[in-house]
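Each remark here refers to the structure printed beneath this line.
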Amino acid sequence: TRPHTILHSWIAIHDNHQTTMVGGAINLVIVYLVAAATASVATAAPTSSTPTSSLAFDVLVYGATPAGVVAATQAGRLGGRVLLVEPSRYVGGLMASGLSKSDIGVWPNALGSRSLAFEVFSRIATEYGLPTPPPVLPHGQCDPTGDDVPWVFEPKVAERVFTTMLEQANVTVALDTRLVSAKVVDNRITSVVLRTPSGAFDGKHHSVSARDLGQPNQYTVNAGAFIDASYEGALVKATNRVDYTWGREAQWEFNESVAGVLPPHGDGIPFGHTHKFAVSVSPYKDGTNTTCLPHVTSCAGAGAVGAGDQKLGAYDWRVVLTSNQSNMLPIPPPTNYNASEFELLRRIIAAYNASGRAIPWHVPTEGIPNSKTDWKVGGPGGFTGEYVGGSWEYPNATFERQQEIVAEHKRFTLALLHFWRTDPSVPLKLRAQLAPGRVGLPRDEFNRSGNWPGLLYVREALRMRGSYVLRQRDLIEQPLKPDVIALGSYSVDIPGAVQRVATNDGTTRLEGGMQSPLLCAKWLPAFAIPYRSIVPRRDQCQNLLVPVALSATHVAFNAVRMEPQWMTLGQSSGVAAVMALRNKAAVQDLNVTLLQEELVRLGQVLKQPGPSPPPPPPSPSLTPLPAGPLWMAWKPMWSVEVSKGNWSVTAVQDHAVLKKSLAPSKALPPSQVQTYSKHASLSLAARPIEAAIDPQADYWLVTLEEQA
């Protein structure tokens with residue numbers, strides 16, 4: 001082991017998230033604070049002018065997400081002095097906060113069998129007494145079921161695994177500690193200012209306070225390399241130098257057919273279609289049609305199809321419940337409850353009842369080990385536990401405002417559960433599913449946050465604008481990259497709608513979510529995530545790596561944002577940080593070939609795993625539809641061409657659709673819908689009509705030429 005100095009810093013043992021009493025004494029785990037005099041892989045030691053209230057490390061990782069834990073662990077194993085800073089009280093991000101079913105993707109073996117990401121799951125298997133290494137999920141299964149331990153797990157087990165890895169790598173962990181500012185000199189971050197809550201460490205929270213470190217509540221940390229592994233891109237923002245963005249790019253910005261505002265029924269687009277209401281309900285408070293109900297984000301529609309905006313998909317809580325009465329605590333009541341907040345949901349329930357259809361709502365009692373759930377609070381189409389519109393302000397808000405938004409999401413979710421449990425509009429048999437004694441909060445989870453998950457599921461916030469912007473075509477059309485440092489094996493997945501809006505016909509619809517029919521298509525190859533996408537531009541910052549809030553468009557980001565993929569990027573970042581320090585180089589100047597060789601040596605997979613993907617299914621039939629007017633061709637799918645007075649339309653992507661109405665393609669008979677492969681060209685009998693059949697979706701109205 002490296003030499004180190006032990007200061008009087010302690011954390012309570014985290015087994016079962018509770019302080020454990022052994023023989024009447026508190027069983028404690030030491031947190032090591034490596035003194036500045038310790039041997040270093042870098043030249044980041046403080047100068048004589050450094051304030052006495054500062055600390056020094058080789059690598060500072062901000063965000064104890066799975067990617068952050070893996071990055072810190074890898075840098076520590078390579079000999080770096082590492083500080084991992086986390087503003088919450090938990091290690092492990094969403095994997096320790098209720099996201100307990102891992103989104104592995106089409107190619108589970110893209111994790112390899114020796115990478116740190118795979119090691120995490122192997123250690124989880126050991127926690128459950130299962131053999132290791134664990135069996136890899138079958139190609140194309142994509143998501144595990146409740147029986148697929150260790151790919152499903154309890155949050156407390158994930159945190160225990162992550163914390164053990166950090167301890168064994170000699171990483172210093174400071175929880176309950178947030179970033180205040182970053183100092184940048186000559187395009188390098190030289191130090192950050194951190195802040196911890198006031199008051200003495202009470203021995204209950206798994207955290208290191210400033211007082212325990214012998215520091216004031218706000219203090220400075222110097223480091224040679226920095227890794228922003230936060231979900232929020234907090235360190236990127238704090239530099240005031242590195243470019244970032246949030247929201248949705250317009251279609252034209254990166255030539256992405258599914259960017260920006262989506263059409264009402266985007267059937268056939270490469271990544272699925274926008275969410276739809278399953279029943280027709282009015283969004284308005286009364287017959288004047290002037291004021292919308294709560295949780296309808298706009299009375300003026302969704303906006304122009306393809307336009308960009310600063311809106312994001314909805315956030316939610318992954319609520320962990322248990323049906324084990326001996327481990328059960330009651331679900332707390334909401335604050336400031338007002339049932340009228342859920343009038344839209346009441347109308348949805350009434351519409352289902354009027355139609356005689358069953359309301360699609362169910363409270364699970366299992367799904368992860370030991371009779372617990374990973375539940376996103378589902379509901380009928382149109383209104384679930386995803387707080388539509390609640391995410392918009394979060395990405396660029398102050399830390400304090402972000403905490404208010406998190407609290408509002410918790411209030412909303414508890415109020416929604418209370419509505420389902422008590423409101424007279426809910427059928428009795430559904431209300432009974434949340435009855436006390438049937439399900440409750442688990443006593444052995446989240447003891448540092450009232451048995452409620454420690455983190456809101458922030459799927460996307462800020463995104464860096466770095467040396468390269470990953471985009472839609474990189475996912476399928478151009479999946480190979482010379483500077484690959486990790487593989488992605490998921491397709492675009494935006495489960496939370498972006499908007500809930502009023503339409504011109506007086507009904508309500510959702511916009512912006514994408515659930516892909518290609519999500520687990522076995523013929524999709526793994527796609528390369530390039531090194532350039534995790535480093536800033538050289539003229540902005542030369543010692544920062546960003547594996548989570550990486551440089552990608554909204555579309556591409558939502559294919560990368562799965563925790564297993566982020567963990568592989570975290571390992572790559574940890575290796576790159578240490579290499580840059582050892583070579584006294586800017587992160588942009590690393591020899592990527594040497595980086596890739598080291599990643600492979602450490603177990604990363606950088607080439608298409610396993611056998612080549614099976615061929616895609618046969619192209620759709622190109623038999624033209626019967627001639628006739630008013631075939632609808634959605635503009636982003638088709639280009640219009642004219643040559644010597646002859647008009648035609650050409651498909652600009654696979655699965656391009658022509659159909660007879662705005663109804664979803666799956667709801668139309670075969671005679672009224674057809675899909676075409678990319679480059680398919682159809683001759684027209686007349687010039688196409690440019691029309692807005694729906695105010696938010698522009699279509700070409702085309703008449704196909706008779707075929708001999």
Side-chain angles (χ1 to χ4, degrees), residues 98 100-101 145-147 152 275-283 293-296 314 316-335 337-388 409-443 445 451-453 495-497 500 507-508 510 515:
S100 296
K101 294 182 179 180
T145 67
D147 297 326
V152 298
H275 294 292
K276 296 179 282 292
F277 270 60
V279 292
S280 178
V281 295
S282 170
L293 292 169
H295 299 294
V296 175
D316 62 352
W317 294 94
R318 299 312 280 253
V319 178
V320 179
L321 300 175
T322 182
S323 56
N324 179 355
Q325 292 189 0
S326 66
N327 189 37
M328 187 185 299
L329 295 171
I331 299 172
T335 57
Y337 178 72
N338 185 340
S340 64
E341 176 183 2
F342 301 105
E343 175 59 27
L344 184 66
L345 180 53
R346 276 193 183 131
R347 295 181 185 183
I348 294 172
I349 292 171
Y352 270 99
N353 290 335
S355 69
R357 296 156 60 190
I359 300 169
W361 189 77
H362 174 69
V363 180
T365 57
E366 56 185 14
I368 62 176
N370 293 317
S371 302
K372 296 176 185 174
T373 68
D374 168 353
W375 188 38
K376 60 189 298 182
V377 188
F383 208 113
T384 69
E386 292 163 335
Y387 192 163
V388 178
H409 276 73
K410 182 177 179 181
R411 183 213 61 80
F412 165 77
T413 303
L414 289 174
L416 179 60
L417 293 175
H418 189 75
F419 174 90
W420 279 109
R421 187 169 59 234
T422 65
D423 199 83
S425 68
V426 179
L428 282 172
K429 64 179 181 180
L430 297 186
R431 281 185 254 168
Q433 293 191 33
L434 281 171
R438 182 179 185 270
V439 291
L441 301 183
R443 189 185 303 273
E445 297 281 2
N451 304 98
W452 186 263
R500 185 185 286 116
T507 61
T508 316
L510 294 172
Q515 295 289 280

- Message: Taking the six-membered ring of Phe383 as reference, does the cationic atom of Arg500 (NZ for Lys, CZ for Arg) lie under 6.0 Å from its centre and within 45° of its axis?
- Response: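 Judged by the rule, Arg500 and Phe383 form a cation-pi pair.
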
Tell me the closest heavy-atom pair linking [X] and [Y], and the distance in Å.
X      : Y      : result
Ser282 : Leu293 : O-CD1, 3.9 Å
Pro380 : Trp420 : CD-CZ2, 3.7 Å
Arg431 : Val426 : NE-O, 2.7 Å
Gly437 : Met328 : O-CE, 3.6 Å
Asp423 : Arg346 : OD1-NH2, 2.8 Å
Pro333 : Leu414 : O-CD1, 4.4 Å

Main-chain N/O of [Y] paired to [X] side chain as donor or acceptor, under 3.5 Å:
X      : Y      : result
Thr373 : Pro364 : no
Thr508 : Val281 : yes
Glu386 : Ala314 : no

- Message: I'd like to check the side chain to side chain contact (heavy atoms under 4.5 Å, CB included) partners of Arg421; sequence neighbours left out, ordered by chain and number.
- Response: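 Applying side chain to side chain contact (heavy atoms under 4.5 Å, CB included) to Arg421 gives Ile331, His418, Leu434.
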
- Item | side-chain hydrogen bond (donor to acceptor under 3.5 Å, both in side chains) partners of Arg411, counting only residues at least two apart |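 Here the qualifying residues are Glu341, Glu408.
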
- Item | For Asn370, side-chain hydrogen bond (donor to acceptor under 3.5 Å, both in side chains) partners two or more places apart |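 With sequence neighbours excluded, Asn370 shows a side-chain hydrogen bond (donor to acceptor under 3.5 Å, both in side chains) to Glu154, given in chain and number order.
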
To the nearest 0.5 Å, what is the distance between [atom1] on [X] and [atom2] on [Y]?
X      : Y      : atom1 : atom2 : result
Asn353 : Ser425 : CG    : OG    : 8.5 Å
Trp375 : Lys101 : CH2   : NZ    : 13.0 Å
Leu417 : Thr422 : CG    : OG1   : 10.5 Å

- Message: Looking at Glu366, I want to see if its CD is surrounded by more than 12 non-hydrogen atoms of other residues, nucleotides or ligands under 6.0 Å.
- Response: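 Incorrect, the count does not exceed 12.
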
- Task: Output, in order, the C-alpha distance, side-chain angles, deciding distance and verdict of side-chain contact (heavy atoms from CB on, under 4.5 Å) for Phe342 and Tyr337.
- Result: CA-CA 10 Å; Phe342 301 105; Tyr337 178 72; 4.1 Å; yes

- Query: Do Thr322 and Asn324 have a side chain donor and acceptor closer than 3.5 Å?
  - Reply: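 Note: Thr322 and Asn324 side chains miss the donor-acceptor criterion.
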
